[in-house]
Amino acid sequence: MSQRQQQRRQEPIKYGDVFSVEGELAEKPVAPRDAAMILQTAENALMGQIQRGAAVSTMQSAGMRNERAEFDRHSDVNDVANYQGASVTETEIPGRRIITEAIGGQGDAGITIGEALEDTALSCGQRPVEWSDAAAIQAAEVRATGRTTITPGGVAAAAQSAATINARMTKDEDKTKLSDVLADATSKLPADKPATRKDAEGVTVAEMRNDPFLTTHPAGVAAAVAAAARLNRQNSTKNKKDS
């Protein structure tokens, strides 16, 4: 079977696959021109440029993949996204600027999986990397990038290497710390996306399965992704009520 035939058998990337949206919009394939038509102007006006990992770049990537797989034509634009529009708002909380992008009347908060990993570096960065951390980081990277394998030189590869080396050491001060691996997580991810409840569940399961006590660290990777997903969900619900 040719690569083109394999692509035609695949399902298109839908809004529900990459954003925290529900209903009719969740089942709509992302069309190539959606980003340019409904979000780019608003995002540029607020932030000065298209943000890596934000809604516009995510939509552009998904739209191009659908076009290459011949699910959409280059001129296609999604009617739901087009007619219900989009907006970008900014919320300040201590130590963080939250960007909320509403698509088709539904919000998608700007806390990405990569940012959640960086939060882990701040909350418990001096803790040595363990196998449970490496497994959680791998699950987070796979969900952020949409790939089934880890990225060479990425955060998951670094975490696995650190956990392997740390297991041979006896002194904690000599071990590689989480901050060493996760401090610049967003820049090491080839793609990123806002954290969702499904992402949090997947990362939590990975961390628990590789912990000797089958639990998660209260300030670890799973906790950070879960907190990001929870805040994203709250912002999405608030936008629905305000719309």
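Each residue takes its place number in the sequence, starting with 1. Side chains are part of it too, since the values below use all heavy atoms of this structure and drop only hydrogens, waters and symmetry mates.
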> Should Ile137 and Ile113 be regarded as members of a common hydrophobic cluster, given that ILVMFWY residues are connected when their side-chain heavy atoms come within less than 4.5 Å of each other, either directly or indirectly?
Replying inline: no
> Does the side chain of Trp131 come within less than 4.5 Å of Thr164's, by heavy atoms?
Replying inline: yes
>> Walk me through whether Asp133 and Arg127 qualify under side chain to side chain contact (heavy atoms under 4.5 Å, CB included).
In response: CA-CA 10 Å; Asp133 301 314; Arg127 189 165 63 82; 2.9 Å; yes
>> Can you give me the closest heavy-atom contact between Thr186 and Glu118, atom names plus distance?
In response: OG1-OE2, 2.7 Å
>> Looking at Gly114, is its backbone amide N or carbonyl O close enough to the side chain of Asp192 to form a donor-acceptor pair, meaning the two atoms are under 3.5 Å apart?
In response: yes
> Does any N or O in the side chain of Asn232 come within less than 3.5 Å of the main-chain N or O of Ala195, such that one atom is a donor and the other an acceptor?
Replying inline: yes
> What are the two closest heavy atoms between Thr196 and Lys193, and how far apart are they?
Replying inline: CG2-NZ, 3.8 Å
> Closest heavy-atom contact between Ile150 and Ala156?
Replying inline: CG2-CB, 3.7 Å
>> Are the side chains of Thr204 and Glu201 in contact, using a 4.5 Å heavy-atom criterion?
In response: no
> Under the salt bridge (charged side-chain N to carboxylate O under 4.0 Å, His left out) test, which residues partner Asp180, sequence neighbours left out?
Replying inline: none
> How long is the span from the CG atom in Asn166 to the OG1 atom in Thr170, to the nearest 0.5 Å?
Replying inline: 11.0 Å
>> Please check this pair: side chain of Lys175 against backbone of Ala167, looking for a donor-acceptor N/O pair closer than 3.5 Å.
In response: no
